[in-house]
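Structure first, then comments.
None of these values were measured; they are calculated from a predicted model.
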Amino acid sequence: MPDAQGTPLRRSGRPGAAARLYLGLDSSTQSLTGIVIEVAGDEARVVLETSIVFDEVLPHYGTEHGVLPRADPAVAVSSPVMWAEALDLMMARLVAGDVDMGRLAAISGSAQQHGSVYLADGAGARLASLDAAQPLAGQVEPLLSRPVAPIWMDSSTTQECAAIAAAVGGPAVLAARTGSRAFERFTGPQIRKFAVGDPDGYARTGRIHLVSSFLASLLAGRDAPLDPGDASGTNMMDLTTAQWWTDAVEATAPDLARRLPAIAPSSSVAGRLAPYWRTRHRLPAARVIVWSGDNPCSLIGVGLVREGRVGISLGTSDTIFGLMKAPRVDPGGTGHVFGAPTGDYMGLTCFSNGSLARERVRDAYGLSWAEFSRTLDETPPGNDGRIMLPWFEPEITPPVLTPGVHRFGLDPYDAAGNVRAVVEAQQLALAIHSRWMGVRIDTIHATGGAAVNDGILQVMADVFGADVYRSSVSNAAALGAALRAWHADEHADGCPRSWDAITAGLAEPSRRGRIAPDPARHAIYRELLPVYAACEARYLTG
Ligand code: XUL
């Protein structure tokens with residue numbers, strides 16, 4: 001049977017086989033979520049979904065929203081021991097439920113990107129012989145050469161970023177080779193800060209894992225590789241070879257190469273569930289599939305497995321992300337390219353003035369969300385040429401350090417004009433700053449809190465000239481991890497299934513709720529795009 005692209009759709013090689021279970025875990029900043037899917041023939045359904053919120057369930061670590069207490073707001077660290085304890089609790093919770101976990105075929109996972117875990121020399125070997133009679137946390141603690149893990153919210157490495165970029169030939173060279181210029185939260189600059197600031201601790205370190213490969217290693221009972229999706233968040237992976245780029249590794253810290261895990265394709269098997277899990281939680285010898293970062297996993301979890309489809313997440317920040325067949329890089333320097341679990345690439349651009357900007361406008365005019373939506377519906381597309389640059393807070397894309405809201409032909413007292421202006425500004429900026437991906441966007445899967453708003457999604461459809469579908473997936477990263485486990489398990493059995501078939505049932509939004517672009521309104525926005533870009537340029541160049 002051909003799929004919509006005309007390529008043969010390969011069916012499972014296991015017709016009639018007993019229903020198998022796949023577990024997807026997502027170790028995010030604030031919680032560990034598990035989703036179990038059951039696959040029978042070609043059908044997949046979610047049979048279990050549960051979360052452990054770190055602050056609430058593991059209060060003895062003293063985290064606030066998953067971050068350890070901090071004196072310096074630029075420094076953000078968390079506890080690898082807490083993540084290990086959550087994993088132990090999660091498995092106990094899963095086997096205590098109604099689902100027969102004896103049918104578990106494979107596990108994969110997603111983790112917050114960029115965070116790093118420092119293991120002492122010899123820790124990898126000790127992972128194989130953990131004592132099933134003892135909890136995991138107490139056994140992991142002595143394996144660490146650094147008790148805390150810097151995470152993606154850390155912004156304390158500006159100096160290290162500059163040093164690394166300079167050593168490899170400048171920010172543009174680093175971006176062209178690794179997919180991103182140096183960012184404070186990326187792992188390379190974080191490792192450099194540790195190596196320089198605590199040379200003894202660095203000397204004791206035998207392996208530096210990312211959160212993803214650390215947790216996969218605990219499950220497999222041995223050092224697990226990183227996948228290209230998460231390794232591309234280090235500023236050290238060569239995008240085209242999906243291997244460490246020696247120049248960047250050497251520019252980061254001395255003698256670092258031997259401390260880094262191997263990089264292996266996302267569909268690789270890291271091993272079987274280690275004896276610890278089989279004895280302590282009576283789980284089967286399921287395959288442990290290499291973990292990835294939360295953004296690459298979300299790509300799968302919202303069904304973005306073809307070029308031309310992008311996801312737009314309207315949350316605290318707004319993010320646009322999508323699959324790319326070729327590793328194009330953002331010349332503006334704010335976008336990222338990561339490896340995609342499909343073996344392709346993914347582009348991602350993040351805007352800090354998302355919900356926050358919408359809320360600031362709503363509050364400024366004392367509107368409810370219903371009134372905000374009604375006002376949007378009642379104003380003309382294109383806002384009669386009136387434009388707002390909605391930089392209520394410092395903006396990531398384009399880079400704006402000093403916040404400020406700038407209005408062009410727009411009266412600050414005109415509530416209706418400002419409501420439309422903020423929504424249009426955000427969609428125009430999303431369209432302009434995703435052009436570097438070189439993808440002709442025909443379909444958008446919208447997620448996040450503000451995706452409930454039809455008016456906003458209509459502006460999105462009209463600006464992009466693309467069909468918009470609302471995604472109903474709430475834990476996209478965990479679901480993506482479960483789907484990756486399914487995909488990799490069938491791949492390992494020699495009967496691979498297409499990504500379209502893997503994502504068709506659970507990840508793809510219903511085609512019924514299509515929000516179609518209006519050609520006349522799209523024409524208005526096509527004319528407005530260069531005008532908006534010129535307004536931005538005026539403030540960026542001062
Ligand atoms: C991506 C990033 C965040 C974290 C959040 O570059 O820093 O999305 O992955 O978990």
Side-chain angles (χ1 to χ4, degrees), residues 21-29 31-39 44-51 90 105-113 210-213 215-216 219 226-233 265-268 270 287-306 309-313 315 319-324 336 338-348 445-448 469 471-491 496-509:
L21 300 182
Y22 295 101
L23 169 60
L25 296 166
D26 175 35
S27 184
S28 73
T29 317
S31 58
L32 177 68
T33 297
I35 290 187
V36 180
I37 61 170
E38 183 186 63
V39 175
R45 64 186 184 109
V46 173
V47 291
L48 211 162
E49 191 162 348
T50 183
S51 284
M90 173 60 75
I107 305 179
S108 191
S110 146
Q112 54 172 311
Q113 293 199 250
L210 266 67
V211 184
S212 62
S213 57
L215 293 171
L219 292 176
L226 270 174
D227 91 315
D230 221 14
S232 45
S266 298
S267 55
S268 311
R287 284 182 172 130
V288 178
I289 308 304
V290 167
W291 286 37
S292 187
D294 50 4
N295 292 299
C297 287
S298 295
L299 189 82
I300 303 301
V302 291
L304 304 174
V305 294
R306 291 182 191 198
R309 264 183 212 170
V310 298
I312 294 184
S313 164
T319 306
I320 180 163
F321 59 111
L323 184 139
M324 301 189 299
H336 302 302
F338 298 135
T342 54
D344 305 295
Y345 303 91
M346 71 175 287
L348 178 144
H445 294 181
T447 70
Y469 298 93
S471 168
S472 57
V473 173
S474 48
N475 286 310
L479 177 62
L483 295 174
R484 287 183 47 240
W486 175 20
H487 179 268
D489 186 51
E490 299 209 333
H491 190 267
R497 194 182 285 251
S498 74
W499 281 106
D500 275 313
I502 293 278
T503 53
L506 292 174
E508 283 224 14

What pairs with Ser471 under side-chain hydrogen bond (donor to acceptor under 3.5 Å, both in side chains), at least two apart in sequence or on another chain?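 By the side-chain hydrogen bond (donor to acceptor under 3.5 Å, both in side chains) rule, Ser471 matches no residue at all.
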On a heavy-atom basis, which atom in [X] and which in [Y] lie closest, and how many Å separate them?
X	Y	answer
Cys297	Gly109	SG-O, 3.7 Å
Leu226	Ala231	CD1-CB, 4.1 Å
Gly303	Ala507	N-CB, 3.7 Å
Arg484	Ser266	NH2-O, 3.2 Å
Ala488	Ser267	CB-O, 3.5 Å
Gly34	Leu23	CA-CD1, 4.3 Å

For a 4.5 angstrom cut-off between non-hydrogen side-chain atoms, does [X] reach [Y]?
X	Y	value
Gln113	Leu210	no
Leu479	Asp26	no
Val47	Leu21	yes
Thr33	Ser28	no
Glu49	Ser474	yes
Phe321	Leu299	yes
Ile300	Val305	yes
Arg497	Trp486	yes

Does His445 have any ring pair (Phe, Tyr, Trp, His ring centres under 6.0 Å) partners at least two apart in sequence or in another chain, and if so, which? none
Roughly how far apart are [X] [atom1] and [Y] [atom2], rounded to 0.5 Å?
X	Y	atom1	atom2	result
Leu483	Ile37	CG	CD1	5.0 Å
Ser472	Glu508	OG	CD	11.0 Å
Ile107	Leu219	CD1	CG	5.0 Å
Leu32	Ser27	CG	OG	5.5 Å
Tyr22	His487	OH	NE2	11.5 Å
Trp499	Leu304	CH2	CG	12.0 Å

Taking Ser108 for its side chain and Val290 for its backbone only, find out whether a donor-acceptor pair lies under 3.5 Å.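 Here the side-chain-to-backbone pair exists.
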Quick one, Asn475 with Ile35, criterion side chain to side chain contact (heavy atoms under 4.5 Å, CB included). Give me CA distance, side-chain angles, the key distance, then yes/no. CA-CA 8 Å; Asn475 286 310; Ile35 290 187; 3.8 Å; yes
With distance as the sole criterion, is a donor-acceptor pair present between the side chains of Ser498 and Asp500 under 3.5 Å? no
